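Lettering of chains follows the sequences in order, A, B, ..., and the numbering in each one begins at 1. No experiment lies behind these values; they were computed from the predicted model shown.
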Number of protein chains: 2
Amino acid sequence: MVNFELYKVFYLTAKSGSLSKAAKELYITQPSVSHSIKLLEESLGLPLFARTSKGVDLTKEGAVLYSYIEQAYNFISLAEEKLSELRNFSSGEIKIGGSDSLCKHYLLPFLESFHVQYPHIQINLVHGTTPEIVRNLKEGKIDIGIVRTPIHDDHLQVREGITIQDCFVTGPKYRELTEGKVTLTELLAYPIILFSSNSSSRKFVTRLFSDNGLLLEPEIELGSVDLLIEFAKIGFGVSFVTKEFVAKELAEGSLYEVKLEAAIPSTKIGIITLKNMPLSTAAAAFVAELENPGQVGSR
Amino acid sequence: MVNFELYKVFYLTAKSGSLSKAAKELYITQPSVSHSIKLLEESLGLPLFARTSKGVDLTKEGAVLYSYIEQAYNFISLAEEKLSELRNFSSGEIKIGGSDSLCKHYLLPFLESFHVQYPHIQINLVHGTTPEIVRNLKEGKIDIGIVRTPIHDDHLQVREGITIQDCFVTGPKYRELTEGKVTLTELLAYPIILFSSNSSSRKFVTRLFSDNGLLLEPEIELGSVDLLIEFAKIGFGVSFVTKEFVAKELAEGSLYEVKLEAAIPSTKIGIITLKNMPLSTAAAAFVAELENPGQVGSR
DNA sequence: TACTCACTATAGAAGGTGTCTATATGGTTA
DNA sequence: TAACCATATAGACACCTTCTATAGTGAGTA
C-alpha cells in the first residue's frame, strides 16, 4: 500500500493542474513535488500525469485515481475540521452522571454557566445511585460522575470538589429541637424524614447512627431533596439534608438546623472519571470548571 | 494539514485495537506505531486512544476521527484496486479512431484477437477522415488513431505499421486491361470508381494523376471499400483500392489487378498518438500489438 | 528566428524523520 | 508473586524528503 502522503501531493497537483502550484500549497518546492509524483507513479506502476509546458494533465488512469482520491481527501479534510470543532468547543457532548440529590443542587449552576460559555456543547445528564454512576462510567455511558466521597475504585480517578456538610433540619413545628444541643438518641424520638434507602446520603446517616449503637428508621422516605425540604418545612418531622443545599431556607428562617452533640463528619463531592480513558476536550473543560469554579475557560 | 501517512497508521490501529497488531500489518515495529500515533495526537491536539493493558481504545474524539478516516481509507483502497485492474487489463477502455477503409480491413483482425486476449477491455471504435482522427486525438476523444502515412504533426507521435500497396482492380468485364501494362492516360478511358473525395486514399490517387499532368475524375464515387470492390467485380469500372484488402478477391479471380507502367508508391499504416499524453496501459498494449503482431501479450 | 517566459526534470547535498533495538513500565492472570 | 502481554521511552542510525542549482522543453511573441 502506497504512502498516503503521496496522495495528498497527487490530489493537490491534479486539482491545480500544476506541480508548481501544488508545491506552493504544500509550502515545499516544485522539485520535491515532482519527485513525489514520480515516486507515486513508480509505486502504482502507471503514469498519472502528462507533462506539458503549461503544467500537467491527468492521464486516463490518473483521472480514475483522482476520482477516488478526491473523495478520500475530502473525508480527511472533514475529519480535521470536525476535530478542530471539538477542540474549539464549537461542537461536542458531555455525559454526566449525577448521584441523587447532587444533580440539582450542586451540578445545576455549573451546567448553566458552562452552557452559557460553550453553547454548542451538548450536555447529557443522567442521574442514579453511586453504584449506577460507576457502572455507567465503566460502560462508557457517561464521561463524568458526580458522587459523594469517599469512594474507592482502582479504575476510577477521583477528584475532590467542594466540601459539603450534612445536617438535620426541621420546620417551625419542632423548633424546640433547635434551641440547644441534641443527642442522636433524643433525635430518634422525632419523626425522621430520609432520602430513599439506596442513596449514599441515606447510607451515610444510617451508618452514623449504627456506629453509635442506634437504629435509624425513617418515618417518611422520599425520593427528592426538594421533598425532604418541603416535608420538614411544613412540620412532618426532621429531614437529613446537605446544609449547603438548604442555605436559602436556613437564611430565610423557613428551616432550622438541629444542632447535634456529635458532629456529623463533613464529606466532599467526588468528581469521578475512568482512570485510563482520556477525557474529551469538552469533558475536561467541564471537570476543570468543577475543580476550580470560575477560574477556567476564557477563550 | 496532518501527514496523511499517519492516518493509515491510525486507521489500522483503531481497526485492530492494538498498536502491536497494526505494527504487524504495516511490517514495522510497535514502538514505531506508538510514535506515529503520538505524533498524530500531537498534531491534532487531541488524545485519540486510551491505552490499556490489552491494547488501545478509541476516545470520543478518536471515534469521531475514525468514522471519517475509515471512509477515506476505503476510497484509497478502492483506488488502488481499480488501478491494479487497469494495470492487469482486467478493466479499461481504448478508444480508437480508424481512418476510412482502414477500420474494417486492417483494424478488425487486431480488434478481434485483442478482445479475445483481454476480454475486459472495452474497445471503442470511431471512424472518420484523417483530419477528424487527428482532431479527436487532440481533444482526447480517442487514444489511438490509424491513418495512412505520411502524416506530419509536431504534436503527434507516429509509429509505422504494415506497408500497404494501392492498385487499380477491375472485374472480368474489363479483363483486357489486366493483360499488359497500362499507362495512366489509357486508364482514364475507363470508368473509374473512387472512394469519397475527403478520404486520404482519394487524395493520394488524385495527386498521383495530377503529378503526371492528368485530371482524375471518377465515374462513380463510393463511401465504403466493400462497395468499391463490389462495383468493380460486377463490371462498373476500375476501382482504386488497397491490394492487401482485396487479396481474397484477387486470389479467387473475381477481381484482377491492373498493371500500370508507372508504379504506385507504397505507403505505410500510421499508428498515431499524442506526443505528450502517455498511453493508458491498455492502449499501450494495443499499440504494441499493432507494431509487432502476435509477438506481445502473454499474461 | 531568436528571445523570453513558465513550467517540469534532474543532480547532488543536507537535514530531518521514521524506524530500529533495547529496555522500562504497567496491568492481568494463574 | 511471577509470567505474560500490552504500551512507552530512549538513543542511534539510515533512509527519504526536501532543498538549491541548473538543465530541458514547449508556447507565445517581437
Residue whose nearest DNA chain D nucleotide is more 5′ - A:Val33 or B:Lys275: A:Val33
Contact state string [nucleotides 14-21 of chain C, B base, S sugar-phosphate only, - no protein heavy atom under 4.0 Å]: ----SBSB
Pairs touching residues 7-20 of chain B that satisfy side-chain hydrogen bond (donor to acceptor under 3.5 Å, both in side chains), sequence neighbours left out: A:Glu80-B:Tyr7, B:Glu5-B:Lys8
Under the 3.5 angstrom rule, does the side chain of [X] hit a backbone N or O of [Y] as a donor-acceptor pair?
X	Y	answer
A:Thr59	B:Pro278	no
A:Asn136	A:Ile142	no
B:Thr52	B:Lys54	yes
A:Gln30	A:Leu19	no
B:Glu25	B:Ala22	no

Proximity of B:Phe286 and B:Tyr118 rings by center, below 6.0 Å: no
Between A:Phe49 and A:Phe10, ring centroids under 6.0 Å: yes
Short side-chain donor-acceptor distance under 3.5 Å, A:Glu160 and A:Thr149: no
For atom NZ of A:Lys54 and atom P of C:dC7, their distance in whole Å: 10 Å
d(NZ, A:Lys38; P, C:dC7) in whole Å: 21 Å
Relative orientation of the end axes in the helix from C:dT1-D:dA30 to C:dA30-D:dT1, expressed as an angle to the nearest 10° (five pairs per end): 30°
Residues B:Arg51 and B:Asp57 bridged, charged N to O under 4.0 Å: no
Nearest-0.5 Å distance, CD1 of residue A:Ile151 to CZ of residue A:Arg148: 12.0 Å
Of residues 12-21 of chain B, the positions that come close to DNA chain C - non-hydrogen atoms, cut-off under 4.0 Å: none
Non-neighbouring partners of B:Lys275 that pass side chain to side chain contact (heavy atoms under 4.5 Å, CB included), sequence neighbours left out: B:Gln157
Nucleotide range of DNA chain D lying under 4.0 Å from chain A heavy atoms: D:dT17 to D:dA27
Over 12 foreign heavy atoms within 6.0 Å of NZ, A:Lys21: no
